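Taking it in order: structure first as structure tokens, then the write-up.
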Number of protein chains: 2
Amino acid sequence: MPVDNEQTAQVAGGTGAARPGTRRPGGRTARTRAAVRDAVLTGLTEHGYSGLTVEYVAEHSGVHKTTLYRRWGGVDGLVADTLDLAGEDSWTPPDTGSLHGDLHALALEVVHSFADPATAAPSSAVIAAAFQSEPAAQALRAYYAERFTRCEVIVDRAVARGELPGPRSAIDGGALVRAAAAPLFFRLFITREGLDEPAADQAVAVALAAAHAGTFTRST
Amino acid sequence: MPVDNEQTAQVAGGTGAARPGTRRPGGRTARTRAAVRDAVLTGLTEHGYSGLTVEYVAEHSGVHKTTLYRRWGGVDGLVADTLDLAGEDSWTPPDTGSLHGDLHALALEVVHSFADPATAAPSSAVIAAAFQSEPAAQALRAYYAERFTRCEVIVDRAVARGELPGPRSAIDGGALVRAAAAPLFFRLFITREGLDEPAADQAVAVALAAAHAGTFTRST
DNA sequence: AGGCAAATGCAACTCCACTTGCGTTAGGTA
DNA sequence: TACCTAACGCAAGTGGAGTTGCATTTGCCT
């Protein structure tokens, strides 16, 4: 079953001005999308976002340049769509048996994923693309929103285990996980300090300390 | 006294291959730099980073296009140099009389600076530029490193007041302040959730809770 | 004051991202 | 099966970013 997750925003009028790719989600269209996204991924890992060009994707996907411009608008659209695909994986947060273990494993996943060019390229590419195109910003927002929603299980389990004061609903799990992740991305893209395991350790420690102090407990 | 803070990195050979701008920091050169940086600032606030073009800077600064390419290499270099200027201001961290007050004021400064396009544009522009050029990344790194060094006074004062366990050297002030700032930038540029005062409140609360739990105390 | 070289100005050129008009292919439907 | 049209392919063209060789200005030093 080929996926079809076109952005539902900005439909021109009520007259049904169909955007390309929405009316014929069948064979060729789906094949085109898959080929294009593969080419985008390899292009990103090879040349990075700033070095990725529409012409490159055209050559390496067998899809004509004009089609790429028509359906995706440009490099940023291509990258945004690629992230949409990446968001449809079956990833689940770690389950180590303790809150600290889960958060630490999660932080290490981030560290390692950004250490490997193949996985780091798409992620950082969209962050870069979001600066110059609203669709990319949208894709980025949606991606992380969904990721952190998946992560709330970690906190739910911790509450169930009695590691944090219950009930579940009283603690903002999303905020806790975000707090653990934020310093890592901050170091990566803002202060450009680079990532290592100590950084991950400290990020987790900060988030956990705040959690135990009740900082993420929702105010009634 | 005209400033001259050229990047000292990547000097080609030992034979003294002088880069433009280093041998004659006098009148015209300095005037050129000033005019260019003004034009970059107005260009950024008007069109944003993705809309800023070298030609625009040339027209609005009176400096010829060729000169801009020669001395700054391109848009990213222009933006990086502009941040270098911004880093030479006389900013000092807030001094409210309490650690919480200082951190909160600091967080609010971030929120408000990114709410105002005129101040937000240069900052976010360099973050974007750092994705495609090493000089820009360098400028970004230097800028925030210097900023957070200035902020360590906040923690020093708190220790002196007895708000945190001393001695000064035992606590990593930079890490504490970074912890308070990270969630804000994370929301701005990674999850693209936008900033508001509650976000600032929580960021400060998290950092403070971690500080009181001893998370930023240096291990001997 | 006078001379040297760095820094800038200038105009023409190259190259590539992006567009456009039209012909062709193939998915959906009767 | 046959038709219709969305989606794609193609080739030529356009515009602007970035480059190059040379003339001109202007700081700095003697």
Side-chain angles (χ1 to χ4, degrees), chain A residues 1-2 4 6 11-12 15-37 39-40 43 47-79 81 129 132-133 135, chain B residues 1-4 6 11-12 15-37 39-40 43 47 49-79 81 129 132-133 135:
Chain A
M1 165 196 164
D4 186 349
E6 292 292 327
V11 178
T15 39
R19 291 180 312 291
T22 53
R23 290 276 270 264
R24 285 188 178 180
R28 187 165 61 159
T29 299
R31 279 198 305 277
T32 301
R33 289 191 71 183
V36 165
R37 295 196 280 203
V40 170
H47 307 297
Y49 175 67
S50 61
L52 184 66
T53 158
V54 174
E55 215 122 2
Y56 174 97
V57 178
E59 289 166 7
H60 287 71
S61 65
V63 176
H64 202 268
K65 188 175 59 164
T66 316
T67 303
L68 298 178
Y69 279 112
R70 269 199 284 252
R71 281 190 61 183
W72 286 276
V75 198
D76 41 282
L78 287 165
V79 168
D81 195 39
Q132 56 178 275
S133 118
Chain B
M1 165 193 165
V3 291
D4 187 348
E6 291 293 327
V11 178
T15 39
R19 293 178 312 290
T22 52
R23 290 275 270 266
R24 284 188 179 182
R28 185 162 66 158
T29 299
R31 279 197 307 277
T32 301
R33 289 191 70 181
V36 164
R37 296 197 277 204
V40 170
H47 303 51
Y49 176 66
S50 61
L52 184 66
T53 159
V54 174
E55 216 122 1
Y56 174 97
V57 178
E59 289 165 9
H60 287 71
S61 65
V63 177
H64 200 87
K65 188 174 61 161
T66 316
T67 302
L68 298 178
Y69 279 113
R70 268 199 284 251
R71 281 190 59 183
W72 286 274
V75 198
D76 41 280
L78 286 166
V79 168
D81 195 39
Q132 56 178 274
S133 117

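Note: hydrogens, waters and symmetry copies are ignored here, and every other heavy atom, side chains too, is used. Just so we're clear, the structure is a prediction, and the values are computed from it rather than from any experiment. Quick note on labels: first sequence line is chain A, next is B, and so on, each numbered from 1.
Phosphate proximity of D:dG18 to B:Tyr69: present, with a side-chain N or O under 4.0 Å from OP1 or OP2. Note on B:Thr53: a side-chain N or O is less than 4.0 Å away from OP1 or OP2 of D:dA17. A sub-4.0 Å separation between OP1 or OP2 of C:dT8 and a side-chain N or O of B:Thr32 is present. At least one side-chain nitrogen or oxygen of B:Arg71 sits closer than 4.0 Å to the OP1 or OP2 atom of C:dT8. Here A:Arg31 does not reach the OP1 or OP2 of C:dA26: none of its side-chain N or O atoms lies under 4.0 Å away. Note on B:Thr67: a side-chain N or O is less than 4.0 Å away from OP1 or OP2 of C:dG9. Contact between the side-chain N/O atoms of A:Arg33 and the OP1/OP2 oxygens of D:dA7 is not found at any separation under 4.0 Å.
B:Glu55 has its CD atom 14 Å from the P atom of D:dG15, to the nearest Å. Atom P of nucleotide D:dA7 and atom CG of A:Leu68 are separated by 15 Å, given to the nearest angstrom. Atom NE2 in B:His64 sits roughly 14 Å away from atom C1' in D:dT25 (whole-Å rounding). Across the protein-nucleic acid pair, B:Trp72 atom CH2 and D:dG18 atom P stand 16 Å apart, rounded to whole Å. Between A:Tyr56 atom OH and C:dC16 atom C1' the separation is 18 Å, expressed in whole Å. Here D:dG18 presents its C1' atom at 15 Å from CG of B:Leu52, a figure rounded to the nearest Å.
Within the 4.0 angstrom heavy-atom criterion, only backbone atoms of the sugar-phosphate kind lie near B:Gly62; the bases stay farther away.
Minimum interatomic distance between A:Gln132 and B:Ser50 (heavy atoms only, all atoms of both residues): CB-CB, 3.4 Å.
Among C:dA11, D:dC22, D:dA17, the nucleotide with an atom closest to any side-chain atom of B:Arg70 is D:dC22. Distances were taken from every side-chain heavy atom of A:Val54 (C-beta onward) to each of C:dC10, D:dG18, C:dC18; the shortest belongs to C:dC18.
Using a 4.5 Å heavy-atom threshold, the side chains of B:Leu68 and B:Val36 count as touching.
Looking at B:Thr67, its side chain never comes within 3.5 Å of a backbone N or O of B:Val63 through a donor-acceptor pair. Judged by distance alone, with hydrogens and angles left aside, the side-chain atoms of A:His47 form no donor-acceptor pair with the main-chain N or O of A:Gly43 at under 3.5 Å.
Interface remark: the B:Lys65 side chain does form a donor-acceptor pair with the D:dG18 base, using a distance-only criterion of under 3.5 Å.
One finds the CG atom of B:Leu78 at 9.5 Å from the OH atom of B:Tyr49 (value rounded to the nearest 0.5 Å).
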